Amino acid sequence: MFFKKKMQHDYDLDMHNIPGHIAFIMDGNGRWAKKRKMPRTYGHHEGTKTIRTLALEANRLGVKAMTVYAFSTENFKREASEVEYIFKLPKEFFNLYLKELMENNVQIRYIGHLEMAPIETQNIIKEAIQRTSVNSGLILTFAFIYGGRDEIVEATRIICEKYKNGEISLSDVTEDYFEQHLMTKDLPPVDLMVRSSGECRLSNFLPWQLAYAEFIFDETLWPDFDEEHLHRAIAIYQGRERRFGGVLK
Ligand code: FPP
């Protein structure tokens with residue numbers, strides 16, 4: 001049973017200017033756990049609850065897509081036990097929340113090298129994708145074993161191969177064409193990127209896609225990030241003037 005927490009602060013959101021796609025760098029799980037003298041894995045466990053909370057609220061607000069950085073290609077540098085634990089989280093997450101996400105019309109997707117995950121993890125994620133594929137609400141994408149530079153290099157390889165085979169000419173390679181070879185090709189443009197825990201860097205997350213996104217770096221540790229922090233981020237976003245390289249009106 002989940003009880004909706006009463007918000008301390010009511011942000012007056014403009015419902016006609018809700019970001020279409022929000023990307024989250026879920027940072028601070030380890031510090032959150034350390035503060036409680038708990039193992040880092042406990043922070044990741046609690047962090048999954050935040051994904052559920054924000055997905056449901058983003059969906060309710062009419063956000064079209066939400067992408068979460070669940071595991072980077074660089075995260076393999078962590079202790080094997082932590083990596084193994086994170087690979088078990090999709091099972092826990094979908095066992096607990098898939099039914100509710102289905103009821104709320106949420107569609108699950110992933111970007112990244114899922115084939116590098118244990119077969120059980122792959123199957124759990126593929127099953128969630130398949131079961132939710134007809135849903136038309138929020139698209140919740142897990143960036144799982146994802147690296148932005150790797151994604152760009154991969155797209156470049158595919159395009160070079162097509163050029164080598166004579167399928168395309170050099171003038172075909174435009175920004176739009178390139179974008180069609182990224183893992184995010186079917187997702188709307190990212191409007192807003194939020195990183196929790198106060199760290200101010202991208203860590204190889206969607207470097208191409210975030211070129212014109214608004215950035216918000218929030219001090220809150222990921223397991224503490226809730227609906228109210230989401231509203232605050234959207235309110236800040238709505239207060240910014242996006243110019244896409246143009247001039248102030
Ligand atoms: C960053 O915090 C968090 C991660 C590297 C992993 C985040 C993963 C989840 C929340 C769960 C993924 C869930 C599914 C369903 C795939 P950190 O460990 O870097 O925190 P720290 O900076 O405080 O050490």
Side-chain angles (χ1 to χ4, degrees), residues 22-56 58-59 66-102 104 106-132 138-148 183 193-206 217-226 229-230:
I22 309 180
F24 288 100
I25 301 182
M26 313 187 281
D27 200 8
N29 292 341
R31 277 163 283 166
W32 186 92
K34 195 173 172 203
K35 271 168 70 178
R36 288 159 180 79
K37 301 195 175 7
M38 296 293 280
R40 296 176 51 77
T41 48
Y42 182 61
H44 297 317
H45 168 82
E46 290 299 299
T48 58
K49 296 182 185 170
T50 302
I51 303 175
R52 173 233 167 224
T53 304
L54 298 188
L56 293 180
N59 188 41
M66 167 174 154
T67 300
V68 292
Y69 205 7
F71 194 88
S72 74
T73 42
E74 290 74 28
N75 285 154
F76 278 114
K77 292 181 198 149
R78 295 184 177 212
E79 293 254 341
S81 57
E82 185 174 342
V83 172
E84 274 168 34
Y85 184 85
I86 294 177
F87 282 164
K88 287 192 182 126
L89 284 175
K91 183 173 182 183
E92 182 183 305
F93 180 83
F94 291 121
N95 278 346
L96 281 172
Y97 307 129
L98 187 59
K99 187 167 172 282
E100 190 184 29
L101 294 169
M102 278 297 287
N104 284 275
V106 172
Q107 190 186 125
I108 305 295
R109 295 194 197 168
Y110 82 89
I111 53 171
H113 288 285
L114 191 57
E115 74 282 359
M116 289 168 78
I119 192 75
E120 196 193 7
T121 311
Q122 294 184 34
N123 290 340
I124 294 279
I125 295 178
K126 284 182 188 162
E127 191 192 329
I129 290 170
Q130 194 259 322
R131 284 182 59 190
T132 60
L138 177 87
I139 300 170
L140 172 59
T141 303
F142 288 87
F144 200 66
I145 319 185
Y146 171 85
M183 295 168 180
M193 190 287 300
V194 181
R195 182 173 188 148
S196 57
S197 92
E199 305 289 344
C200 300
R201 55 181 171 267
L202 275 189
S203 304
N204 206 12
F205 185 47
L206 302 172
F217 297 98
D218 191 301
E219 293 289 320
T220 313
L221 302 177
W222 183 251
D224 289 330
F225 204 97
D226 63 13
H229 299 100
L230 174 65

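Computed from a predicted model, the values in this text were never measured in an experiment. Whatever order the structure lists ligands and atoms in, that order sets their numbers, starting from 1.
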Report task. Within a distance under 4.0 Å of any heavy atom of T48, pick out the atoms of ligand 1 and give their elements. Result -> 11 (C), 13 (C)
Report task. Flag G30 as yes when one of its N or O atoms lies below 3.5 Å from any N or O atom of ligand 1, and as no otherwise. Result -> yes
Requested in this report: Below 4.0 angstrom from a heavy atom of R40, which ligand 1 atoms are there? Numbered from 1 as shown, please.
Outcome: 17 (P), 18 (O), 24 (O)
Query raised in the report: Do the charged groups of E92 and K49 touch, with an N to O distance under 4.0 Å?
Result: no
Query raised in the report: Is there any N or O on N29 that sits under 3.5 Å from an N or O of ligand 1?
Result: yes
**Report entry** Atom indices of ligand 1 within 4.0 angstrom of A70 heavy atoms, with elements
**Finding:** 6 (C), 7 (C), 8 (C), 12 (C), 16 (C)
Query raised in the report: For S197, is the nearest heavy atom under 4.0 Å from an atom of ligand 1?
Result: no
Query raised in the report: Is the ring centre of F87 less than 6.0 Å from the ring centre of F144?
Result: yes
Report task. Just jot down the ligand 1 atoms closer than 4.0 angstrom to any heavy atom of R78, in number order. Result -> 5 (C), 17 (P), 18 (O), 19 (O)
**Report entry** Atom of Y85, atom of T41 and distance for their closest heavy-atom approach
**Finding:** CE2-O, 3.3 Å
Query raised in the report: Y69 vs Y146 aromatic rings, parallel, tilted or perpendicular, using cut-offs 30° and 60°?
Result: perpendicular
Requested in this report: Kindly give the heavy-atom pair with the smallest separation between M193 and R195, and that separation in Å.
Outcome: SD-N, 3.8 Å
**Report entry** Ligand-side contact atoms (ligand 1) for residue partner L89, heavy atom cut-off under 4.0 Å
**Finding:** 11 (C)
Query raised in the report: Heavy-atom distance under 4.5 Å between the side chains of M102 and T132, does that happen here?
Result: yes
Query raised in the report: Angle class for the Y97/F93 ring planes (parallel below 30°, perpendicular above 60°, tilted otherwise)?
Result: perpendicular
Report task. Kindly give the heavy-atom pair with the smallest separation between A33 and P39, and that separation in Å. Result -> CB-O, 3.2 Å
Query - For ligand 1, the portion of N75 having any non-hydrogen atom under 4.0 Å away - result: side chain
Query raised in the report: Nearest protein heavy-atom contact for atom 9 (C) of ligand 1: which residue, which atom, what distance?
Result: M26 CE, 3.8 Å
Query - Residue F142 vicinity, atoms of ligand 1 by number, heavy atom under 4.0 Å - result: 14 (C), 15 (C), 16 (C)
Report task. State whether the shortest distance between N or O atoms of D27 and N or O atoms of ligand 1 falls below 3.5 angstrom. Result -> yes
**Report entry** For R31, atoms of ligand 1 separated by under 4.0 Å from a heavy atom
**Finding:** 21 (P), 22 (O), 23 (O)
Query - Numbered atoms and elements of ligand 1 in range of F93, under 4.0 angstrom, heavy atoms - result: 15 (C)
Report task. Please indicate whether any nitrogen or oxygen in W222 is less than 3.5 Å from any nitrogen or oxygen in ligand 1. Result -> no
Query raised in the report: If we ignore angles and hydrogens, is there a donor and acceptor under 3.5 Å between the side chains of E46 and N29?
Result: no
Query raised in the report: Heavy-atom count around E199 CD within 6.0 Å, excluding the residue itself: above 12?
Result: yes
